[in-house]
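Everything below concerns the one structure shown next.
We number each residue from 1, following the sequence as shown. Just so you know, these numbers use all the heavy atoms, side chains as well, and skip hydrogens, waters and symmetry mates. Both ligands and their constituent atoms are indexed starting at 1 by order of listing.
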Amino acid sequence: MIELRYGAGPEGRRQDPTMRAFRADRFGQFVHWGLYAIPAGTWQGRTIEFAAEFLMHSAHVSREEWGALAADFTLEGFDPAEWARTAKRMGARYVTITTKHHDGFCLWPSAYTDFSVAATPSGRDVLGEILDAYRAEGLATHLYYSVLDWHHPDWRYAIESDDDRVAFDRYLDFATNQLLELAERYPQVRGFWFDGTWDESVKANGRWTHEIEQRLKQRIPGAIVNSRLRADDRGARHFDSNGSLMGDYESGYERRLPAPWDRSVAVHDWEACATLTQASWGFHDSAWAERGRKTPAQVVEQLAQTVSLGGNLLLNFGPRGDGSLAPVEVALADEVGAWMAMNGAAVHGSGPAEGWDYPGWGFYTMPLQAEESAERSALVHAIVTRIPVSGILTIALPPGVALRGVRALDDDTAVSFTELDAHTAQLAAPAATGMPTVLALEIAPADPESGLREPNPDVALV
Ligand code: FHN
């Protein structure tokens with residue numbers, strides 16, 4: 001065991017009401033919005049096939065030129081109530097909004113910089129309006145904050161001299177002030193989502209990452225902080241040098257998910273974040289970004305996989321430069337929302353189905369209370385995402401579990417099934433609809449005698 005001052009605390013997995021609510025939410029909306037939404041991936045006629053929020057960096061734009069975009073941040077199409085309604089219709093239970101991305105532009109009128117909405121034509125507190133709108137729809141709010149800052153003169157990628165150290169200490173004071181300012185201005189937020197913490201300069205300041213997490217939690221009791229903030233005394237990130245998770249949940253899954261059979265990830269809380277476009281978080285107005293745009297079925301499949309492994313999915317939206325949502329993203333939200341309206345019980349308040357192996361044709365989830373209580377759930381949801389060409393779904397039952405009934409979750413019709421043996425049931429695969437079908441499996445403890453029979457060797461389970 002390595003002695004660490006800034007590693008994980010001894011508390012282990014949080015079970016307080018705020019954390020349980022976050023865990024049960026399972027589906028959140030990420031919003032990347034800032035000045036980068038105005039050029040939307042194109043600078044002086046040149047479209048750069050890279051994330052739109054990186055344009056200042058990738059097109060080598062000076063701070064002055066980039067700063068001039070603030071004059072065009074006019075909010076003509078900005079309707080935060082519409083953003084919030086869209087997220088709610090989609091089935092998201094919380095939002096994580098970029099307060100400051102790598103370009104340093106702040107969506108709130110910060111007292112610590114001039115580079116904020118205060119310098120735009122309206123001068124409005126855009127962040128405050130967004131947070132109020134989401135709260136009015138009943139969604140919890142989390143604040144994204146990039147520690148990396150291309151605008152601030154004291155930002156350093158690495159500490160290579162005494163001057164660097166002095167400058168970077170000043171930078172960390174600035175970031176501390178901004179974060180405490182956010183906590184003070186918006187005390188109803190549920191959490192902080194840190195980013196831009198991978199550089200050597202931050203890794204050499206594990207103490208700051210530890211202390212700012214503590215200070216934010218003092219200001220907002222119960223606040224939830226992602227693992228991406230933290231570095232330990234030796235610069236280890238997310239997990240400390242002893243292998244323990246730092247922060248309240250792991251946030252390392254970005255545009256990827258754990259393997260569908262890898263249940264080991266469920267030992268702690270985690271959240272994956274995903275883009276809707278090919279690889280841009282900010283609005284990128286180009287055929288390049290559209291080429292990889294996800295369909296509603298792909299989003300639902302990712303959501304099902306995530307919940308089956310005990311994670312949350314944070315699905316990104318990139319509003320346009322005028323503040324309006326892209327119609328293609330609203331359409332996706334509505335299609336996902338139509339599915340969630342019928343099948344959300346397999347997602348919200350659900351988690352891994354303990355003992356149920358990955359079936360290959362989809363994912364199993366189970367109500368969370370059951371996962372956490374001694375009593376076994378009487379219900380497992382089977383989310384069918386890949387219909388076998390045989391047209392047959394094989395259900396491998398965990399030891400001691402019997403299948404009592406199967407119903408389609410959307411219309412509550414009974415589905416007939418055959419028991420091949422004590423461990424195996426089969427049923428006709430649902431018809432293809434273009435979206436996953438959810439089957440509610442009613443289960444009960446098996447008759448102890450029945451388990452003594454041999455499993456049927458003819459049945460390929462996966
Ligand atoms: O560089 C950022 C990127 O723009 C985006 O904000 C994502 C979201 O997780 N985080 C960083 C890359 O890891």
Side-chain angles (χ1 to χ4, degrees), residues 27-41 43 48-59 61 66 69 92 94-107 127 130 141-152 155 157 175 179 182 191-203 209 224-231 237-239 247-258 269-286 288-289 292-294 299 302 306 311-321 329:
F27 191 23
Q29 184 195 39
F30 214 173
V31 177
H32 276 69
W33 195 46
L35 296 184
Y36 43 79
I38 298 168
W43 193 257
I48 300 203
E49 296 186 346
F50 199 75
E53 70 280 5
F54 268 74
L55 190 66
M56 175 184 177
H57 195 71
S58 46
V61 184
W66 193 257
L69 288 170
Y94 62 99
V95 65
T96 302
I97 169 86
T98 49
T99 63
K100 175 184 86 138
H101 203 265
H102 308 338
D103 67 357
F105 179 72
C106 299
L107 281 190
L127 177 62
I130 295 170
T141 54
H142 295 233
L143 303 181
Y144 168 109
Y145 184 88
S146 170
V147 179
L148 165 63
D149 191 321
W150 299 324
H151 182 81
H152 200 290
W155 166 260
Y157 289 94
L179 286 159
L182 283 169
F192 292 85
W193 205 105
F194 284 91
D195 203 6
T197 45
W198 46 77
D199 287 302
E200 293 305 318
S201 53
V202 184
K203 289 200 286 181
T209 70
I224 296 172
V225 179
N226 65 336
S227 65
R228 207 178 282 207
L229 166 65
R230 294 285 296 283
R237 298 184 60 235
H238 296 277
F239 292 90
D248 299 313
Y249 64 95
E250 191 198 348
S251 55
Y253 288 100
E254 176 165 316
R255 293 175 53 223
R256 68 189 175 98
L257 293 178
D269 292 296
W270 58 277
E271 177 190 67
C273 53
T275 51
L276 278 176
T277 59
Q278 170 152 227
S280 188
W281 301 85
F283 175 58
H284 199 297
D285 193 8
S286 70
W288 168 76
R293 186 174 282 285
K294 288 192 183 65
V299 168
Q302 288 201 341
T306 303
N312 286 19
L313 183 70
L314 190 60
L315 183 67
N316 185 66
F317 284 67
R320 299 186 288 195
E329 299 200 341

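- Among protein heavy atoms, atom 3 (C) of ligand 1 sits closest to Glu53 OE2, 3.5 Å.
- Under a 4.0 Å heavy-atom criterion, Arg228 is in contact with ligand 1.
- By the criterion of a heavy-atom distance under 4.0 Å, neither the backbone nor the side chain of Arg255 is placed next to ligand 1.
- Residue His102 approaches ligand 1 through these ligand atoms, each under 4.0 Å from one of its heavy atoms: 1 (O), 2 (C).
- Scanning the protein heavy atoms around atom 12 (C) of ligand 1, the nearest turns out to be Glu254 OE2, 3.1 Å.
- Ligand 1 is never approached by Ala51 to a heavy-atom distance shorter than 4.0 Å.
- In this structure, Glu329 does not pair ionically with Lys294, as no charged nitrogen and carboxylate oxygen lie closer than 4.0 Å.
- In terms of polar-atom proximity, defined here as any N/O pair under 3.5 Å, Trp198 makes no such contact with ligand 1.
- The pair Arg228-Glu254 meets the salt-bridge criterion, with a side-chain N (NZ, NE, NH1 or NH2) lying under 4.0 Å from an Asp/Glu carboxylate O.
- Checked against a 6.0 Å centroid threshold, the rings of Phe30 and Trp193 count as neighbours.
- Checking Tyr94 against Asn312 by side-chain atom types alone, a donor-acceptor pair falls below 3.5 Å.
- Aromatic rings of Trp66 and Trp43 (six-membered ring for Trp) have centroids within the 6.0 Å cut-off, being under it.
- Under the 6.0 Å cut-off for aromatic ring centres, Phe54 and His102 qualify, their centroids lying closer than that.
- Distances below 4.0 Å separate heavy atoms of Cys273 from the following atoms of ligand 1: 9 (O).
- At least one N or O atom of Asp195, backbone or side chain, sits closer than 3.5 Å to an N or O atom of ligand 1.
- Checking Asp103 against His151 by side-chain atom types alone, no donor-acceptor pair falls below 3.5 Å.
- Between His101 and Tyr144, a ring centre-to-centre spacing shorter than 6.0 Å is recorded.
- Those atoms of ligand 1 that come under 4.0 Å of a heavy atom in Phe54, given as number and element, are 1 (O), 4 (O).
- The residue Tyr253 has no part lying near ligand 1, judged by heavy-atom distances below 4.0 Å.
- For ligand 1, the atoms closer than 4.0 angstrom to any heavy atom of Tyr144 are 6 (O).
- When heavy-atom distances to ligand 1 are checked against a 4.0 Å cut-off, Trp193 comes that close only through its side chain, counted from C-beta outward.
- For the residue pair His142 and Thr96, no side-chain donor N or O sits within less than 3.5 Å of a side-chain acceptor on the partner.
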